[in-house]
Undergrad: 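Here's a structure for you.
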Amino acid sequence: MQRPDRMSIYIYEFAWILPSIAIPVAMIVAIAISAFAMGINVQGVTGRIDPARVNETPPFDRPGLRQVGPNRYEAVIVAEIWRWVAATPDDKSRRVELTVPRGSEVTFIVTSRDVIHGLKIENTDVNMMIIPGQISRTTARFDIPGDYLFVCHEYCGTGHHFMYGVLHVE
Amino acid sequence: MTVNVGQLGHAVAAKPTGLWSWLTTVDHKRIGILYGVTAFIFFLIGGIEALLVRMQLFVPGATVLTPDQYNQLFTMHGTTMVFLAIMPLNAAFLNYFVPLMIGARDVAFPRLNAFSYWVFLFGGLLMNLSFVIGGAPDFGWFGYAPLTERQFSPELRADFWAIGLQVLGIASLAASFNFIVTIINMRAPGMTLMRMPPFVWMQFVTQWLLALALPPIAVALILLIFDRHFSTNFYLSEWGGDPILWQHLFWIFGHPEVYILILPAFGMVSDILPTFARKPLFGYTFVVYSGIAIGFLGFIVWAHHMFATGMGPVADSAFAIATMLIAIPTGVKIFNWIGTLWLGQTAYKTPALFAVAFIAMFIIGGLSGVMHASPPADLQQTDSYFIVAHFHYVLFGGAIFGITAGAYYWLPKILGRMLNERLGQIHFWLMLIGFNLTFFPMHFVGLNGMPRRTYTYPAGFGWELMNQLETIGAFIIAISFLFFIYNVLVSMRSGAIAGNNPWGAGTLEWSIPSPPPVYNFATLPVVRSLYPLWDGPNDSRLTTPAASTTPEEAHVHLPNPSYWPLVTAFGVTLAGAGIIFGFVLTGIGILILLAGAYSWALEPAS
């Protein structure tokens, strides 16, 4: 077949390639603006802890849910293989359930006693890797009543699939 | 047949046969076939592992497998497909076709090439041996510490995994050095760098990625082995180590690894599309330079696998931006392929169908990849089935579709016979339908919150129907590959004779008989363009005299067969296995390794 002449090839190449550069540049600008100008950031590590002494270190010596102000709660949770500990350490129930009223703002303060776990609460922005030696913290607001499943989403061994719980919003 | 023993040494037989000739072969084409057959068997094993995983997930609360079996299978599925299937399948094409495409008679270091294959085979066998000795690795193909440490994985499983990967890494490193040297030094007269077929270019970039990305994982694995056997604490936070260190080292390797898997498929498609569209590749230089750009950018994006660890806004934004930058060279390539098809008189034979499906499937996988380049979006998706959907669209829809296209395109060169077109088309449609049925619903269950790597899931979250479709799709993929196997077995015996150039392609590997003679080119070709067979179809410098069938008739010197690569590879693997089974074996292995290496070095040239 007759080949297109060289000049028209160059024009077509640029016509295709320039938008493919412009789109990522726009996305990069959007990332920079959202992170630094608007402050939309993902949850971060907020402290360190000796994983061998989690039981004695506040606030993890008394894990659980407590009210710290009007409509404001703190959920102190310890992850271990293969369950979430959100009550006093001698409570052996595998599946943890927490209940807060509608409109609550809950701060999750979480660490791991052993391997890496992950805390993800469905239909919220809460998603943190829970790393031994680090304290992870994030806050979420619950306006819509319902049951929010939270799962360990970082593979942690044989019983990984047992590691889930429910947050009830009334 | 006249044989001049004094001049040609042992390289007298045109077609050596028998087991011994395969064990001692240093012919890049035979090593390529060995790579291909071995990798395809591992691919089937990995596929069966995937089918078992999908059966377990067919209904909520299923007990087809125990949790322990499930965890072993999903770990070994990932490990097998990455290290024992896709990488060596790419290596098969690398070995067989790169020397043919650049007009060389063999690779730079033929015995090192054999060594690579044997180390790969032994490493793969060692890793799979764990299934019968104490259980296979069960902590995911990424092996996040501290789950792999002795206190959480007291059995041998993590040792099999770490040693197996270490041994496989040696195979890939040796091969990468070999092919970097081959591509730089052994090109035929006139084959400038910018006249190399895109497949050679993409493999060239891939070999550099291997050479630079494997050392970090080797370091990470050595630290893990030290933690497990010599009581160091690199990854144990209670003793001052850091589990995040593993994640960084692993992904500094792990992200370039993605491009190691996909770049050769880019190259295959860039060679196949021009042949069937009957026109040159659109923007060849852009394809080459974008491949190089992907190679560089691939090294600065690793922490996008770790947004959930909480690295802070600066690191998050930097890695997000770098990740999005990769979309540019990748997008350039996609436009080039579409541009190649545009106005082409495309003959939709089986290889072309797979290549076109590759473009479409890879676009879907690439788009979902850009979605989780953004950290806030990533947090909605990470560790959910959405990610599983994404990387299967890249690695199955991309790499495996590309490799299958390559198999249909180049197997006639290897077998000397055409594959059956009708069976090929059945394979294509079944695979396309099965693939999309398996992986497209994973986008939805993923966004609906289904976590990955989970043994089972509770009913009532709306995940049941999607999971059932996925399992059915997985079995359709399996059936489609039965058509492929049947096709190859039948066509080997009774397919139409392929001839030199059945597709009317333009690159050098099609200038020689199918299957190629041992010496590849009787006279080294002189290359004048990117598609020498199109631009000079009657150029006598491109045609191999058909009369000469043996190396000596063609006056070609070939390297001697050698069993020392096999011995040395066995020594390397035994030294590694000793860390699992007892250090005595390590000592014996090192002795065999030294004996093999010295005998190899002192082996007389013919």
Side-chain angles (χ1 to χ4, degrees), chain A residues 1 3-4 9 12-13 16-17 19-21 23-25 27-28 30-32 34-36 39-46 48-53 81 114-116 118 120 122-123 125-129 131-134 136-138 149 151-162 164, chain B residues 67-68 71 138-140 144-147 151-152 237-238 242-244 278-280 282-283 286 306-313 316-317 320-321 324-325 327-328 331-332 335-336 338-339 343-345 370 373-376 378-380 382-384 448-449 451-458 461:
Chain A
M1 102 173 222
R3 285 205 211 148
I9 287 184
Y12 284 128
E13 279 183 10
W16 279 106
I17 287 165
S20 80
I21 294 173
I23 294 169
V25 167
M27 293 166 78
I28 289 163
I31 283 275
S34 66
F36 296 106
I40 301 174
N41 288 311
V42 302
Q43 303 95 351
V45 176
T46 53
R48 300 196 70 88
I49 187 173
D50 181 351
R53 300 170 57 84
I81 43 178
D114 37 51
V115 300
I116 294 175
K120 180 183 169 91
E122 290 320 316
N123 301 320
D125 292 337
V126 179
N127 184 338
M128 296 184 289
M129 207 180 269
I131 296 150
Q134 297 187 357
S136 301
R137 178 194 299 258
T138 192
L149 181 72
V151 293
C152 173
H153 70 74
E154 196 57 63
Y155 177 72
C156 59
T158 317
H160 173 55
H161 58 289
F162 289 129
Y164 68 100
Chain B
D68 183 40
N71 295 335
D138 62 344
F139 33 71
Y144 274 6
L147 193 55
Q151 69 215 71
F152 302 110
S237 47
E238 58 265 54
D242 192 350
I244 296 296
R278 321 299 309 155
K279 60 197 272 277
F282 182 79
F286 276 99
M306 299 164 55
F307 284 145
T309 58
M311 294 178 294
D316 282 349
S317 303
I321 287 169
M324 288 179 177
L325 281 178
I328 299 172
V332 167
F335 288 133
N336 279 302
I338 295 171
L343 289 182
Q345 311 277 316
V370 178
S374 160
D378 180 67
L379 282 208
Q380 296 293 330
T382 189
D383 280 310
S384 78
N448 281 341
R452 55 192 284 213
R453 302 168 189 137
T454 182
Y455 165 65
T456 188
Y457 52 94
F461 291 104

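Hydrogens, waters and symmetry mates are skipped; everything else that's a heavy atom, side chains included, is used. All chains are named by letter (A, B, ...) in the order of the sequence lines, taking the proteins before the strands, and each is independently numbered beginning at 1.
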Undergrad: Between B:F307 and chain A, with a heavy-atom cut-off of 4.5 Å, which part of the residue counts as in contact: side chain, backbone, both or neither?
TA: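 The backbone, not the side chain.
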Undergrad: Under 4.5 Å from any heavy atom of chain B, what part of A:L149 do you find: side chain, backbone, both or neither?
TA: side chain
Undergrad: Among B:P243, B:G331, B:A327, which residue has the highest count of heavy-atom pairs closer than 4.5 Å to chain A?
TA: B:P243
Undergrad: Identify which part of A:D114 has an atom lying under 4.5 Å from any heavy atom of chain B, answering side chain, backbone, both or neither.
TA: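 Both backbone and side chain.
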Undergrad: Hey, could you give me the CD/CE distance between A:Q134 and A:M128, rounded to the nearest 0.5 Å?
TA: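 One finds 11.5 Å between CD of A:Q134 and CE of A:M128.
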Undergrad: Might you point out which heavy atoms bring A:I31 and B:A320 nearest each other, and give the distance in Å?
TA: CD1-CB, 3.9 Å
Undergrad: Among B:T454, B:T309, B:L379, which residue forms the greatest number of heavy-atom pairs with chain A at distances under 4.5 Å?
TA: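 Ranked by heavy-atom pairs under 4.5 Å with chain A, first place is B:L379.
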Undergrad: Can you tell me how far CG of B:D316 sits from CE of B:M311, rounded to the nearest 0.5 angstrom?
TA: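 If I round to the nearest 0.5 Å, the distance is 4.5 Å.
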Undergrad: Please check this pair: side chain of A:T158 against backbone of B:D68, looking for a donor-acceptor N/O pair closer than 3.5 Å.
TA: no
Undergrad: Can you tell me which portion of A:H160 sits under 4.5 Å from chain B's heavy atoms? Options are side chain, backbone, both or neither.
TA: side chain
Undergrad: Between B:K279 and B:Q345, is there a donor-acceptor pair closer than 3.5 Å when you use the side chain of the first and the backbone of the second?
TA: no
Undergrad: Check whether any side-chain N or O of B:N336 sits under 3.5 Å from a backbone N or O of B:V332 as a donor-acceptor pair, and report yes or no.
TA: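 Indeed, once roles are kept as given, a pair shorter than 3.5 Å links the two residues.
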Undergrad: Any idea which of B:F139, B:F152, B:F461, B:Y144 has the most non-hydrogen atom pairs under 4.5 angstrom with chain A?
TA: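 Result: the option with the highest number of such pairs is B:F152.
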Undergrad: What part of B:I244 lies closer than 4.5 angstrom to a heavy atom of chain A: side chain, backbone, both or neither?
TA: side chain
Undergrad: In terms of heavy-atom pairs under 4.5 Å with chain B, which of A:A30, A:G157, A:G118 leads?
TA: A:G157
Undergrad: Checking heavy atoms, do the side chain of A:I131, its backbone, both or neither come under 4.5 Å from chain B?
TA: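 For A:I131, the side chain is the part near chain B, not the backbone.
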Undergrad: CZ of B:R453 to CD of A:E154: how many Å apart, nearest 0.5 Å?
TA: 5.5 Å
Undergrad: Looking only at heavy atoms and a cut-off of under 4.5 Å, which of B:D138, B:N448, B:I338 has the most pairs with chain A?
TA: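 Between B:D138, B:N448, B:I338, the count favours B:D138.
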Undergrad: Against chain A, label B:Y457 side chain, backbone, both or neither, depending on which of its atoms sit under 4.5 Å from a heavy atom there.
TA: neither
Undergrad: Nearest 0.5 angstrom please: B:L325 CG to A:I28 CD1, how far?
TA: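 One finds 4.0 Å between CG of B:L325 and CD1 of A:I28.
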Undergrad: Please test A:K120 against A:V126 for side-chain contact (heavy atoms from CB on, under 4.5 Å), starting from the C-alpha separation and ending with a verdict.
TA: CA-CA 6 Å; A:K120 180 183 169 91; A:V126 179; over 6 Å; no
Undergrad: Should A:Y164 and A:C152 count as side-chain neighbours, where that means a heavy-atom distance under 4.5 Å?
TA: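 No, too far: nothing below the 4.5 Å cut-off.
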Undergrad: Can you say whether B:N71 sits under 4.5 Å from chain A via the side chain, the backbone, both, or neither, judging by heavy atoms?
TA: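 Both parts, heavy atoms under 4.5 Å.
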Undergrad: Among B:S374, B:P458, B:P451, B:G449, who wins on heavy-atom pairs under 4.5 Å with chain A?
TA: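 Heavy-atom pair counts peak at B:G449.
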Undergrad: If you count heavy-atom pairs under 4.5 Å with chain B, which of A:D50, A:I49, A:N123, A:I116 comes out on top?
TA: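 Most heavy-atom pairs under 4.5 Å with chain B: A:I116.
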